[in-house]
Amino acid sequence: MPELPEVETIKNELIPHVAGRLIIGVVVDDDRLVRPYSIGEFCHKLLGQRVTRLSRRGKYLMFHLSSSNVLIAHLRMTGSLVINSTGDEAHTRAVLQLDNGDQLAFVDRRRLGVMWLAKNEDEVAAKLGAEPLTAEFTAEVLAKKLQCRQAPIKAVLLDQAVVAGIGNMYADEALFAARIHPLKKAGDLPSREIEKLYKVIVNVLQSAIENKGASVDTYKRPSGEQGTAHYEFNVAHRRGETCHVCGTAIERIAIRNRGSYFCPNCQKL
DNA sequence: CCCGGAACCTGAAGGC
DNA sequence: TGCCTTCAGGTTCCGG
């Protein structure tokens, strides 16, 4: 699933193909993909625009346009952005043709992904919590977001208004790295553990970016290549396998209907 | 505001 | 071989 490290990788690898380019063709064949306009209006407003730069906020990818509008993409569960796919790519929902000959395809098996045209990026950025790899994210900021919350820490970490960009995999990985049980009440964490959690969130995300994201399920980079971050997972998607630290079998429980993987020995309630 | 669950969506996987 | 159910999880919406 595309979380912050995956979207960051996609952004970085799209920049050489897309930044500064003119959009000379737009094809959309799924009316649920685009907002807030009809397919026709959406294509019309995009055609002839130049992509001045790309940016990312949380799991949102922004294409800044010469009209000063922003094309915002969210890949949700199974979306991917592919440069120059061979044409037989299944589940292609939209294709942008660029003036350098490159084609950018939005591919999404489960059709939950969205692209929309916004006046500016604040339309999504405003409701998000701190951006974890910037100076605005500190242990104090995290502590403030966690205090008084009665929900399990795992559920709170998935709240994009707490920290932007953390999803199911990296929440599990961060909680393991901090040795915190996913069901522990967020508001009960002592400041020492919040400090630790803050540090490992940054480390886990940075290291996953260095590995170009985790290719579990359908994630792939714009080139079609896979990321390698999942090879370093300690708990995510490792039910029944042994803990790298203590050898105990990794367990999976459901929290808010999300699979949560943890080591019952390293992460005690 | 906070919390938990359902809905959205489709392909894979497992049970019988 | 095939039908059916369950599972995957990012976001949004809704009821308590």
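Order of the sequence lines sets the chain letters (A, B, ...), proteins ahead of strands, with each chain counted from 1. Note that this is a predicted model, so its numbers are computed, not measured.
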Q | Contact under 4.0 Å: His74(A) side-chain N or O vs dG10(C) OP1/OP2 | A | no

Expected rows: protein N/O vs nucleotides 4-8 of chain C N/O, under 3.5 Å:
{"unit_1": "dA8(C)", "atom_1": "OP1", "unit_2": "Arg252(A)", "atom_2": "NE", "d": "2.8"}
{"unit_1": "dA8(C)", "atom_1": "OP1", "unit_2": "Arg252(A)", "atom_2": "NH2", "d": "2.4"}
{"unit_1": "dA8(C)", "atom_1": "OP2", "unit_2": "Arg252(A)", "atom_2": "NH2", "d": "2.3"}
{"unit_1": "dA8(C)", "atom_1": "N3", "unit_2": "Arg110(A)", "atom_2": "NH1", "d": "2.9"}

For the atom pair [atom1] ([X]) and [atom2] ([Y]), what is the distance rounded to the nearest 0.5 Å?
X         : Y         : atom1 : atom2 : result
Cys263(A) : Leu175(A) : SG    : CG    : 13.0 Å
Cys243(A) : Asn265(A) : SG    : CG    : 7.5 Å
Lys185(A) : Cys148(A) : NZ    : SG    : 12.0 Å

Nearest-Å distance for atom pair [atom1]/[atom2], residues [X] and [N]:
X         : N       : atom1 : atom2 : result
Arg256(A) : dT12(C) : CZ    : P     : 15 Å
Ile72(A)  : dT11(C) : CD1   : C1'   : 15 Å
Glu3(A)   : dG10(C) : CD    : C1'   : 9 Å
Arg32(A)  : dT12(C) : CZ    : C1'   : 16 Å
Leu33(A)  : dT11(C) : CG    : P     : 16 Å
Ile166(A) : dG10(C) : CD1   : C1'   : 14 Å
Gln160(A) : dG9(C)  : CD    : C1'   : 12 Å

Q. Looking only at atom P, what distance separates dG11(B) and dT12(C), rounded to whole Å?
A. 24 Å

Q: Considering only atom P, compute the distance from dC9(B) to dC3(C) and round it to an integer number of Å.
A: 24 Å

Q: Could you give me the stems involving DNA chain B, meaning stretches of three or more consecutive Watson-Crick or G-U wobble pairs whose two defining distances are both below 3.5 Å?
A: B:2-8 with C:10-16, B:10-16 with C:2-8

Q) So among Asp108(A), Leu14(A), Val18(A), which one has a side chain to side chain contact (heavy atoms under 4.5 Å, CB included) with Leu81(A)? A) Leu14(A)

Is any side-chain heavy atom of [Y] closer than 4.5 Å to one of [X]?
X         : Y         : value
Val124(A) : Ile72(A)  : yes
Ile255(A) : Leu183(A) : yes
Asp29(A)  : Val95(A)  : no

Among side-chain atoms of [X] and [Y], is any donor-acceptor pair under 3.5 angstrom?
X         : Y         : answer
Ser55(A)  : His64(A)  : yes
Lys154(A) : Ser260(A) : yes
Glu6(A)   : Tyr170(A) : yes

**Q.** Pairing residues for Glu8(A) by the salt bridge (Lys or Arg N to Asp or Glu O under 4.0 Å) criterion, not counting sequence neighbours
**A.** Lys11(A), Arg56(A)

Q. Parallel under 30°, tilted from 30 to 60°, perpendicular over 60°: which one fits the rings of Tyr198(A) and Phe137(A)?
A. tilted

Q.
I'd like to know whether Ile24(A) forms a side-chain contact (heavy atoms from CB on, under 4.5 Å) with Leu98(A), so could you lay out the CA-CA distance, the side-chain angles of the two residues, the decisive distance to 0.1 Å, and finally the verdict.
A. CA-CA 6 Å; Ile24(A) 60 172; Leu98(A) 306 174; 5.8 Å; no

Q: With heavy atoms under 4.0 Å as the rule, sort Lys127(A) into base, sugar-phosphate or nothing.
A: sugar-phosphate

Q) What are the bounds, 5' to 3', of the part of DNA chain B that sits under 4.0 Å from heavy atoms of chain A? A) dC3(B) to dG11(B)

What pairs of nitrogen or oxygen atoms, one from the protein and one from nucleotides 13-16 of chain C, lie under 3.5 Å apart?
none

Q.
Per the ring-ring contact (aromatic ring centres under 6.0 Å, His included) rule, what does the pair list look like for residues 239-269 of chain A, sequence neighbours excluded?
A. His181(A)-Phe262(A), His237(A)-Tyr261(A)

